[in-house]
Amino acid sequence: PCDTDDISKEYDVLLNELDKYNPELLDKERILAITKTDMIDAELQAEIEKELPDIPYVFISSVARKGLTELKDLIWKKLNG
């Protein structure tokens, strides 16, 4: 979520969980969806972008229906590209 104190740390936690569940998943291509973006403005989003890993990402909000089409398009591209 975008309201975390340390987005890089959150990403590391997710990678650790993948490693514990199935280490082979770490070899797969990844995309990152940053959630709850209805709670931030463009300036904060730009600051968050500076901390993100070098993988495809999208900012989404299910409440505001923001970024969902972009997320679906990114998933489709990764699956079929």
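- Identified under the salt bridge (charged side-chain N to carboxylate O under 4.0 Å, His left out) test for residues 8-33, with sequence neighbours left out: E29-K78.
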Under the side chain to side chain contact (heavy atoms under 4.5 Å, CB included) rule, what do T35 and D3 come out as? Steps first, then yes or no, please.
CA-CA 9 Å; T35 61; D3 62 346; over 6 Å; no

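- In this structure, I60 and A33 approach most closely via the heavy-atom pair CD1-CB, 4.0 Å.
- Interatomic distance, CG of L32 versus CZ of F59, reported as 8.5 Å (0.5 Å rounding).
- Counted within 6.0 Å of CG on D5, heavy atoms from surrounding residues, nucleotides or ligands total 12 or fewer; the atom is thus considered open.
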Walk me through whether I48 and I40 qualify under side chain to side chain contact (heavy atoms under 4.5 Å, CB included).
CA-CA 10 Å; I48 291 170; I40 61 171; 4.0 Å; yes

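- To the nearest 0.5 Å, the span separating CG on L52 from OH on Y57 amounts to 5.5 Å.
- Applying the salt bridge (charged side-chain N to carboxylate O under 4.0 Å, His left out) test to pairs two or more places apart or on separate chains, those with a residue in residues 42-69 are E47-K50.
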Can Y11 and I55 be said to form a side chain to side chain contact (heavy atoms under 4.5 Å, CB included), step by step?
CA-CA 11 Å; Y11 182 69; I55 61 171; 3.5 Å; yes

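- Both L68 and V58 are part of a single hydrophobic cluster, where members link through side-chain heavy atoms under 4.5 Å apart.
- The distance from atom CD of Q45 to atom SG of C2, rounded to the nearest 0.5 Å, is 8.5 Å.
- I75 has its side chain within reach of I31: a pair of non-hydrogen atoms, C-beta onward, lies under 4.5 Å apart.
- No donor-acceptor pair closer than 3.5 Å links the side chain of T4 to the backbone N or O of I7.
- The line from CG of L18 to CG of L26 is 5.5 Å long, rounded to the nearest 0.5 Å.
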